[in-house]
Amino acid sequence: MKSVVGPALGLLALLGIASYALLGPTGIIAWTDYRAALSAREVELAKLQKERDALRNRQILLDRDNVDPDLAGELMRKELNVVASDEVVVPLN
């Protein structure tokens, strides 16, 4: 009986390790969940990179040394509600 206890404990330990490798949070079965999450994150990353590039372009257009006059005029009209005397405001509502 004593000769069976050692190998039985070793077998139980190996089964525990194997089950953890299969069913654990970083196991083989969790890979499908990680792949799905990775795909979702890649889509979100692409969206955020596009938004970052748009913001970077706007930052370049608003550079103090070389301001884009069209963007400056648009922002001035929008934020300060400023209209030149020869302009006509057409409400869109």
Side-chain angles (χ1 to χ4, degrees):
M1 182 88 165
K2 290 183 180 180
S3 63
V4 176
V5 173
L9 288 176
L11 181 63
L12 284 176
L14 286 176
L15 286 175
I17 292 170
S19 65
Y20 186 77
L22 184 64
L23 302 173
T26 58
I28 295 170
I29 293 177
W31 281 1
T32 57
D33 295 336
Y34 289 142
R35 284 188 183 149
L38 179 62
S39 297
R41 300 279 191 219
E42 286 175 345
V43 169
E44 183 180 357
L45 177 63
K47 178 183 155 193
L48 289 173
Q49 285 175 340
K50 185 177 179 182
E51 184 179 338
R52 180 198 62 199
D53 292 342
L55 288 172
R56 186 174 288 147
N57 183 38
R58 191 170 177 96
Q59 175 193 5
I60 291 170
L61 291 175
L62 289 173
D63 183 31
R64 287 183 189 221
D65 298 331
N66 190 17
V67 176
D68 182 42
D70 292 333
L71 184 58
E74 176 187 335
L75 286 174
M76 182 176 64
R77 286 175 179 78
K78 181 180 174 186
E79 298 295 327
L80 301 176
N81 201 16
V82 176
V83 179
S85 60
D86 62 343
E87 293 178 336
V88 177
V89 176
V90 180
L92 299 175
N93 300 13

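- The distance from atom CG of Asp70 to atom CG of Leu61, rounded to the nearest 0.5 Å, is 9.5 Å.
- A heavy-atom distance below 4.5 Å is not found between the side chains of Leu55 and Gln59.
- Within 6.0 Å of the CD atom in Glu51, the count of heavy atoms belonging to other residues, nucleotides or ligands does not exceed 12.
- Between Glu74 atom CD and Asp68 atom CG the span is 9.5 Å, to the nearest 0.5 Å.
- Atoms CG and CG, on Leu71 and Asn57 in that order, are 9.0 Å from each other to the nearest 0.5 Å.
- Of all heavy-atom pairs spanning Pro7 and Ser3, the tightest one is CD-O, 3.1 Å.
- For Arg41, the CZ atom sits in a loose shell: 12 or fewer heavy atoms of surrounding residues, nucleotides or ligands are nearer than 6.0 Å.
- Atom CG in Leu15 sits 12.0 Å away from atom CG in Leu22 (nearest 0.5 Å).
- Of all heavy-atom pairs between Tyr34 and Pro25, the closest is OH-O, 2.6 Å.
- Side-chain contact between Glu44 and Lys47 is absent, with no heavy-atom pair separated by less than 4.5 Å.
- Arg77 and Val82 get closest at one heavy-atom pair: CG-O, 3.2 Å.
- Listed here is the closest heavy atom pair of Ala30 and Gly24: CB-O, 4.1 Å.
- The side-chain heavy atoms of Leu75 and Leu62, taken from C-beta on, include a pair separated by under 4.5 Å.
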